[in-house]
Visitor: 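Here's a structure for you.
Indexing begins at 1, ligand by ligand and atom by atom, following the structure's order.
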Amino acid sequence: MSLLENCTLCPRMCHINRFEHKGYCGGGDRARVALVSLHKWEEPVIAGKNGAGTVFFSGCSLKCIYCQNYEISHFNKGIEVSDERLGEIFYEQQLRGAETLDLVTPTHYIPQILNGIILAQKKGFSLPVVYNTSGYENISSLSLLSGVVDVFLPDLKYYSPELSREYSQAEDYFQIAAEAIKYMVELTGPSLEVNGILRKGVLVRHMVLPGARKDSMKLLEWLWNEFGDSIIISIMSQYTPYFAALEHPRLKRRLTTFEYDSVVDYARELGFTKCFIQDHSSAGKEYIPHWNGAGVEGMPR
Ligand code: SF4
(Lines give C-alpha, C1' and ligand atoms only; values in the text may rest on other atoms or scores of the structure.)
Protein backbone atom coordinates (compact mmCIF):
# COMPACT_ATOMS: atom_id res chain seq x y z
CA MET A 1 0.00 0.00 0.00
CA SER A 2 1.26 3.47 -0.85
CA LEU A 3 2.13 5.74 2.10
CA LEU A 4 -0.47 8.15 0.75
CA GLU A 5 -3.37 5.69 0.99
CA ASN A 6 -3.33 5.79 4.79
CA CYS A 7 -1.30 8.90 5.51
CA THR A 8 0.70 8.97 8.74
CA LEU A 9 3.60 10.98 7.32
CA CYS A 10 3.49 13.58 10.06
CA PRO A 11 2.45 13.62 13.75
CA ARG A 12 -1.10 14.71 12.82
CA MET A 13 -1.62 11.04 11.83
CA CYS A 14 -4.72 11.70 9.71
CA HIS A 15 -4.96 8.10 8.39
CA ILE A 16 -6.70 9.35 5.26
CA ASN A 17 -6.41 8.24 1.67
CA ARG A 18 -4.78 11.19 -0.06
CA PHE A 19 -5.82 9.93 -3.48
CA GLU A 20 -9.38 10.78 -2.37
CA HIS A 21 -9.08 13.45 0.33
CA LYS A 22 -6.76 16.15 1.59
CA GLY A 23 -5.51 15.95 5.16
CA TYR A 24 -4.74 18.61 7.78
CA CYS A 25 -1.72 19.70 5.72
CA GLY A 26 -3.75 20.28 2.54
CA GLY A 27 -1.68 17.76 0.58
CA GLY A 28 -3.22 15.35 -1.93
CA ASP A 29 -1.57 12.68 -4.04
CA ARG A 30 0.46 15.10 -6.19
CA ALA A 31 2.97 17.60 -4.86
CA ARG A 32 1.88 21.23 -4.92
CA VAL A 33 4.56 23.88 -5.36
CA ALA A 34 4.13 27.64 -4.85
CA LEU A 35 7.49 28.98 -5.99
CA VAL A 36 10.88 27.88 -7.31
CA SER A 37 13.58 30.48 -6.74
CA LEU A 38 17.14 31.28 -5.85
CA HIS A 39 17.00 32.52 -2.27
CA LYS A 40 19.92 34.59 -0.99
CA TRP A 41 18.61 35.18 2.55
CA GLU A 42 19.10 31.71 3.93
CA GLU A 43 22.11 31.21 6.24
CA PRO A 44 25.41 31.64 4.30
CA VAL A 45 26.24 27.92 4.62
CA ILE A 46 22.98 27.11 2.80
CA ALA A 47 22.78 30.03 0.34
CA GLY A 48 26.49 30.43 -0.49
CA LYS A 49 27.27 32.99 -3.22
CA ASN A 50 24.55 32.09 -5.72
CA GLY A 51 21.65 31.40 -3.39
CA ALA A 52 19.81 28.35 -2.15
CA GLY A 53 17.67 26.59 -4.74
CA THR A 54 14.41 26.92 -2.86
CA VAL A 55 11.34 24.86 -3.73
CA PHE A 56 8.43 26.15 -1.63
CA PHE A 57 5.78 23.47 -1.13
CA SER A 58 2.16 24.50 -0.60
CA GLY A 59 0.30 23.41 2.54
CA CYS A 60 1.82 22.61 5.93
CA SER A 61 1.33 20.07 8.67
CA LEU A 62 1.92 22.65 11.44
CA LYS A 63 0.17 25.88 10.31
CA CYS A 64 1.27 28.47 12.88
CA ILE A 65 -1.11 31.40 13.36
CA TYR A 66 1.67 33.93 12.63
CA CYS A 67 3.03 32.22 9.50
CA GLN A 68 4.62 34.72 7.13
CA ASN A 69 3.97 32.29 4.27
CA TYR A 70 0.27 31.87 5.20
CA GLU A 71 -0.92 32.28 1.60
CA ILE A 72 0.78 29.04 0.70
CA SER A 73 0.84 27.22 4.07
CA HIS A 74 -2.76 27.85 5.16
CA PHE A 75 -4.45 28.64 1.84
CA ASN A 76 -2.54 26.11 -0.23
CA LYS A 77 -1.74 28.54 -3.04
CA GLY A 78 0.37 26.75 -5.62
CA ILE A 79 0.40 24.50 -8.65
CA GLU A 80 0.14 20.71 -8.67
CA VAL A 81 3.04 18.92 -10.34
CA SER A 82 3.79 15.32 -11.27
CA ASP A 83 6.78 13.53 -9.76
CA GLU A 84 8.45 13.80 -13.18
CA ARG A 85 8.05 17.59 -13.20
CA LEU A 86 9.29 17.74 -9.60
CA GLY A 87 12.45 15.91 -10.69
CA GLU A 88 12.93 18.42 -13.51
CA ILE A 89 12.44 21.32 -11.07
CA PHE A 90 15.18 19.91 -8.81
CA TYR A 91 17.55 19.50 -11.73
CA GLU A 92 16.73 22.97 -13.11
CA GLN A 93 17.81 24.48 -9.77
CA GLN A 94 21.24 22.96 -10.39
CA LEU A 95 21.31 24.38 -13.94
CA ARG A 96 20.55 27.84 -12.53
CA GLY A 97 23.63 27.65 -10.31
CA ALA A 98 21.94 27.04 -6.94
CA GLU A 99 24.37 26.01 -4.21
CA THR A 100 21.90 23.64 -2.56
CA LEU A 101 18.42 22.23 -3.17
CA ASP A 102 16.38 23.79 -0.36
CA LEU A 103 13.09 21.89 0.14
CA VAL A 104 10.86 24.24 2.15
CA THR A 105 8.00 22.64 4.15
CA PRO A 106 8.52 19.23 2.56
CA THR A 107 7.11 16.84 5.21
CA HIS A 108 3.73 16.06 3.63
CA TYR A 109 5.34 15.42 0.23
CA ILE A 110 8.14 13.03 1.24
CA PRO A 111 7.05 10.21 -1.15
CA GLN A 112 6.81 12.60 -4.14
CA ILE A 113 10.15 14.20 -3.22
CA LEU A 114 11.89 10.82 -3.04
CA ASN A 115 10.59 9.97 -6.53
CA GLY A 116 11.60 13.43 -7.78
CA ILE A 117 15.15 13.08 -6.46
CA ILE A 118 15.62 9.69 -8.17
CA LEU A 119 14.38 11.16 -11.47
CA ALA A 120 16.61 14.24 -11.05
CA GLN A 121 19.65 12.09 -10.29
CA LYS A 122 19.12 10.25 -13.59
CA LYS A 123 19.60 13.62 -15.31
CA GLY A 124 22.80 14.37 -13.35
CA PHE A 125 21.48 16.14 -10.25
CA SER A 126 24.12 16.32 -7.51
CA LEU A 127 23.36 19.30 -5.24
CA PRO A 128 23.33 18.91 -1.45
CA VAL A 129 19.70 18.28 -0.47
CA VAL A 130 18.45 20.47 2.40
CA TYR A 131 15.31 19.47 4.29
CA ASN A 132 13.87 22.75 5.61
CA THR A 133 11.18 21.82 8.13
CA SER A 134 9.06 23.04 11.06
CA GLY A 135 10.63 20.25 13.14
CA TYR A 136 7.23 18.59 13.64
CA GLU A 137 8.25 15.25 12.18
CA ASN A 138 7.68 11.54 12.65
CA ILE A 139 10.83 9.44 13.04
CA SER A 140 9.39 6.82 10.66
CA SER A 141 9.09 9.46 7.90
CA LEU A 142 12.56 10.88 8.57
CA SER A 143 14.00 7.37 8.25
CA LEU A 144 12.87 7.36 4.60
CA LEU A 145 15.26 10.27 3.98
CA SER A 146 18.39 8.43 5.08
CA GLY A 147 21.04 8.68 2.36
CA VAL A 148 18.94 11.20 0.38
CA VAL A 149 18.89 14.33 2.55
CA ASP A 150 22.33 15.76 3.30
CA VAL A 151 21.40 18.65 5.58
CA PHE A 152 18.49 18.99 7.96
CA LEU A 153 17.33 22.54 8.65
CA PRO A 154 14.68 22.12 11.36
CA ASP A 155 12.97 24.85 13.33
CA LEU A 156 12.80 24.42 17.06
CA LYS A 157 9.90 26.73 17.82
CA TYR A 158 8.55 26.26 21.34
CA TYR A 159 9.42 24.63 24.62
CA SER A 160 6.09 25.34 26.31
CA PRO A 161 3.12 23.11 25.39
CA GLU A 162 0.81 26.08 26.10
CA LEU A 163 2.55 28.18 23.44
CA SER A 164 2.66 25.38 20.89
CA ARG A 165 -1.02 24.61 21.46
CA GLU A 166 -2.07 28.23 21.15
CA TYR A 167 0.13 29.15 18.18
CA SER A 168 0.30 25.87 16.22
CA GLN A 169 -2.39 23.57 17.61
CA ALA A 170 0.32 21.10 18.59
CA GLU A 171 0.62 20.65 22.34
CA ASP A 172 3.20 17.90 21.81
CA TYR A 173 5.44 20.07 19.59
CA PHE A 174 8.55 20.17 21.78
CA GLN A 175 8.51 16.49 22.64
CA ILE A 176 8.12 15.56 18.94
CA ALA A 177 10.62 18.08 17.57
CA ALA A 178 13.24 17.22 20.21
CA GLU A 179 13.15 13.52 19.26
CA ALA A 180 13.16 14.44 15.57
CA ILE A 181 16.26 16.64 15.92
CA LYS A 182 18.14 13.94 17.86
CA TYR A 183 17.32 11.51 15.06
CA MET A 184 18.41 13.98 12.36
CA VAL A 185 21.80 14.31 14.09
CA GLU A 186 22.05 10.51 14.16
CA LEU A 187 21.24 10.34 10.43
CA THR A 188 23.79 12.90 9.21
CA GLY A 189 26.60 12.43 11.73
CA PRO A 190 28.94 15.38 12.43
CA SER A 191 28.51 18.42 10.22
CA LEU A 192 30.83 18.92 7.26
CA GLU A 193 31.42 22.19 5.44
CA VAL A 194 33.12 22.32 2.04
CA ASN A 195 34.01 25.69 0.49
CA GLY A 196 31.64 27.47 2.85
CA ILE A 197 28.63 25.22 2.07
CA LEU A 198 27.23 22.73 4.54
CA ARG A 199 27.50 19.35 2.81
CA LYS A 200 26.06 17.39 5.71
CA GLY A 201 24.77 18.07 9.19
CA VAL A 202 21.96 19.71 11.11
CA LEU A 203 21.35 23.43 11.50
CA VAL A 204 18.64 24.24 14.05
CA ARG A 205 16.70 27.46 13.54
CA HIS A 206 14.85 29.34 16.22
CA MET A 207 12.82 32.49 15.63
CA VAL A 208 12.37 34.52 18.81
CA LEU A 209 8.70 35.46 19.32
CA PRO A 210 7.37 38.58 21.07
CA GLY A 211 6.83 37.93 24.78
CA ALA A 212 8.52 34.51 24.65
CA ARG A 213 12.22 35.11 25.25
CA LYS A 214 12.23 32.85 28.34
CA ASP A 215 10.82 30.06 26.21
CA SER A 216 13.64 30.67 23.70
CA MET A 217 16.18 30.37 26.53
CA LYS A 218 14.75 27.02 27.63
CA LEU A 219 15.17 25.73 24.08
CA LEU A 220 18.79 26.90 24.02
CA GLU A 221 19.41 25.12 27.35
CA TRP A 222 17.96 21.92 25.92
CA LEU A 223 20.09 22.18 22.77
CA TRP A 224 23.22 22.85 24.80
CA ASN A 225 22.58 19.99 27.25
CA GLU A 226 21.88 17.60 24.37
CA PHE A 227 24.53 18.55 21.79
CA GLY A 228 26.90 21.07 23.38
CA ASP A 229 28.78 23.15 20.82
CA SER A 230 28.62 20.45 18.15
CA ILE A 231 25.28 21.72 16.83
CA ILE A 232 24.94 24.72 14.50
CA ILE A 233 22.16 27.10 15.47
CA SER A 234 20.52 30.13 13.89
CA ILE A 235 18.68 32.63 16.09
CA MET A 236 16.25 34.64 13.99
CA SER A 237 14.87 38.12 14.65
CA GLN A 238 12.67 38.34 11.57
CA TYR A 239 9.31 37.97 13.28
CA THR A 240 6.75 40.27 11.68
CA PRO A 241 3.04 40.14 12.60
CA TYR A 242 0.98 38.52 9.85
CA PHE A 243 -2.28 36.77 9.32
CA ALA A 244 -4.12 35.81 12.57
CA ALA A 245 -1.21 37.27 14.60
CA LEU A 246 -2.27 40.79 13.59
CA GLU A 247 -5.17 40.51 16.06
CA HIS A 248 -3.32 38.56 18.76
CA PRO A 249 -2.57 40.44 22.02
CA ARG A 250 1.04 39.18 22.29
CA LEU A 251 1.88 38.55 18.65
CA LYS A 252 0.61 41.75 17.04
CA ARG A 253 3.89 43.61 17.64
CA ARG A 254 7.43 43.24 16.40
CA LEU A 255 10.18 41.81 18.53
CA THR A 256 12.14 44.36 20.60
CA THR A 257 15.90 44.66 20.34
CA PHE A 258 16.12 43.75 24.05
CA GLU A 259 14.16 40.52 23.53
CA TYR A 260 16.33 39.39 20.65
CA ASP A 261 19.68 40.48 22.10
CA SER A 262 18.98 38.83 25.46
CA VAL A 263 18.42 35.48 23.72
CA VAL A 264 21.58 35.84 21.63
CA ASP A 265 23.58 36.83 24.74
CA TYR A 266 22.25 33.76 26.53
CA ALA A 267 23.38 31.50 23.68
CA ARG A 268 26.87 32.99 23.99
CA GLU A 269 26.85 32.56 27.78
CA LEU A 270 25.95 28.90 27.37
CA GLY A 271 28.94 28.50 25.06
CA PHE A 272 27.51 28.20 21.51
CA THR A 273 30.09 29.31 18.96
CA LYS A 274 28.44 28.06 15.75
CA CYS A 275 25.56 30.49 15.91
CA PHE A 276 24.09 32.60 13.09
CA ILE A 277 22.35 35.80 14.14
CA GLN A 278 20.29 38.31 12.16
CA ASP A 279 20.18 42.11 11.96
CA HIS A 280 17.03 43.49 13.50
CA SER A 281 16.34 44.99 10.07
CA SER A 282 15.77 41.47 8.70
CA ALA A 283 12.13 41.77 9.79
CA GLY A 284 9.76 43.14 7.18
CA LYS A 285 7.42 42.38 4.33
CA GLU A 286 10.13 42.95 1.72
CA TYR A 287 11.68 39.63 2.77
CA ILE A 288 8.54 37.64 1.95
CA PRO A 289 8.69 36.10 -1.53
CA HIS A 290 5.94 36.76 -4.09
CA TRP A 291 3.96 33.56 -4.48
CA ASN A 292 3.57 33.85 -8.21
CA GLY A 293 4.38 30.25 -9.16
CA ALA A 294 7.62 31.24 -10.91
CA GLY A 295 9.65 28.26 -12.01
CA VAL A 296 6.98 25.68 -11.24
CA GLU A 297 5.81 24.97 -14.75
CA GLY A 298 8.95 25.85 -16.69
CA MET A 299 12.64 26.58 -16.31
CA PRO A 300 12.94 29.61 -13.99
CA ARG A 301 14.45 32.71 -15.52
S1 SF4 B 1 1.08 14.61 6.05
FE2 SF4 B 1 -0.92 15.65 5.91
S3 SF4 B 1 -2.42 14.02 5.54
FE4 SF4 B 1 -0.53 13.04 6.25
S5 SF4 B 1 -0.74 12.81 8.45
FE6 SF4 B 1 0.27 14.77 8.13
S7 SF4 B 1 -1.33 16.32 8.00
FE8 SF4 B 1 -2.28 14.32 7.76
Side-chain angles (χ1 to χ4, degrees), residues 1-35 54-83 85-86 89-90 102-118 129-146 148-149 152-158 161 163-181 183-184 187 243-244 291 296:
M1 184 193 275
S2 147
L3 287 169
L4 298 175
E5 283 177 72
N6 177 24
C7 188
T8 55
L9 280 170
C10 86
R12 301 289 182 192
M13 304 292 274
C14 297
H15 286 284
I16 52 141
N17 183 347
R18 285 178 43 182
F19 291 92
E20 292 170 4
H21 306 285
K22 288 189 162 65
Y24 185 93
C25 59
D29 61 321
R30 300 205 328 162
R32 200 171 173 87
V33 179
L35 180 66
T54 42
V55 179
F56 288 92
F57 290 96
S58 312
C60 180
S61 52
L62 198 57
K63 293 196 174 137
C64 308
I65 61 170
Y66 51 83
C67 182
Q68 64 175 22
N69 299 350
Y70 67 91
E71 284 178 75
I72 67 170
S73 58
H74 287 250
F75 300 145
N76 221 5
K77 188 173 179 183
I79 302 165
E80 273 191 7
V81 294
S82 64
D83 293 356
R85 177 65 200 137
L86 199 56
I89 287 173
F90 296 164
D102 186 4
L103 304 168
V104 186
T105 322
T107 313
H108 49 301
Y109 289 125
I110 286 175
Q112 295 88 338
I113 288 169
L114 291 171
N115 289 339
I117 298 269
I118 292 168
V129 176
V130 179
Y131 188 83
N132 185 337
T133 164
S134 68
Y136 199 53
E137 295 280 353
N138 278 344
I139 302 290
S140 54
S141 300
L142 292 175
S143 71
L144 302 171
L145 304 171
S146 176
V148 177
V149 164
F152 287 94
L153 188 56
D155 292 338
L156 185 56
K157 290 174 183 287
Y158 324 100
L163 280 187
S164 61
R165 184 179 56 229
E166 186 180 357
Y167 295 166
S168 301
Q169 291 186 58
E171 193 168 1
D172 56 359
Y173 175 85
F174 175 72
Q175 184 195 332
I176 298 264
E179 287 309 310
I181 290 172
Y183 185 65
M184 291 172 193
L187 279 181
F243 191 46
W291 309 115
V296 179

Visitor: Strictly under 6.0 Å, is that where the ring centroids of F152 and Y183 end up?
Guide: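 Centroid separation for F152 and Y183: 6.0 Å or greater.
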Visitor: Which atoms from ligand 1 have a heavy atom of H108 less than 4.0 Å away?
Guide: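 Those of ligand 1 that fall under 4.0 Å from H108 are 1 (S).
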Visitor: Kindly give the heavy-atom pair with the smallest separation between L62 and Y24, and that separation in Å.
Guide: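 Shortest heavy-atom contact: O-OH, 3.9 Å.
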Visitor: How close does the nearest protein non-hydrogen atom get to atom 4 (Fe) of ligand 1, and which residue and atom is it?
Guide: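 Result: C7 SG, 2.3 Å.
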Visitor: Looking only at protein heavy atoms, identify the closest one to atom 2 (Fe) of ligand 1 and say how far it is in Å.
Guide: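 So the nearest neighbour among protein heavy atoms is C25 SG, 2.3 Å.
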Visitor: Do any N/O/S atoms of C14 come under 2.8 Å of atom 8 (Fe) of ligand 1?
Guide: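 Short answer: yes, at least one N, O or S atom is under the cut-off.
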Visitor: List every atom of ligand 1 that sits less than 4.0 Å from any heavy atom of R12, numbering the atoms from 1 in the order shown and giving each element.
Guide: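 Answer, ordered by atom number: 7 (S).
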Visitor: Counting from 1, what ligand 1 atoms have a heavy atom of Y24 closer than 4.0 Å?
Guide: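 Answer, ordered by atom number: 7 (S).
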Visitor: Hey, is M13 touching ligand 1 through its side chain, its backbone, both or neither, going by heavy atoms under 4.0 Å?
Guide: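 The answer is the backbone.
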Visitor: Output the list of atoms in ligand 1 that are nearer than 4.0 Å to some heavy atom of G23, sorted by atom number.
Guide: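 Listed by number with element, the hits are 3 (S).
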Visitor: Taking backbone and side chain together, does C10 place any N/O/S atom at a distance below 2.8 Å from atom 6 (Fe) of ligand 1?
Guide: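 Under 2.8 Å: C10 contacts atom 6 (Fe) of ligand 1 through an N, O or S atom.
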Visitor: Within a radius of less than 6.0 Å around CD of Q169, do more than 12 heavy atoms belonging to other residues, nucleotides or ligands occur?
Guide: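 No, not enclosed.
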Visitor: How close do Q112 and A31 get, counting heavy atoms only, and between which atoms?
Guide: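 Looking at all heavy atoms of both residues, the closest pair is CG-N, 3.9 Å.
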Visitor: For G26 and K63, which heavy atoms make the closest approach, and how far apart are they?
Guide: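 The answer is N-NZ, 4.3 Å.
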Visitor: Looking at every non-hydrogen atom in both residues, tell me the closest pair between H108 and G27 and how far apart they are.
Guide: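 Heavy atoms of H108 and G27 come nearest at CD2-CA, 4.3 Å.
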Visitor: Using every non-hydrogen atom in the two residues, find where S58 and Y109 come nearest and quote the distance to one decimal.
Guide: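 Closest heavy-atom pair between S58 and Y109: O-CE1, 3.5 Å.
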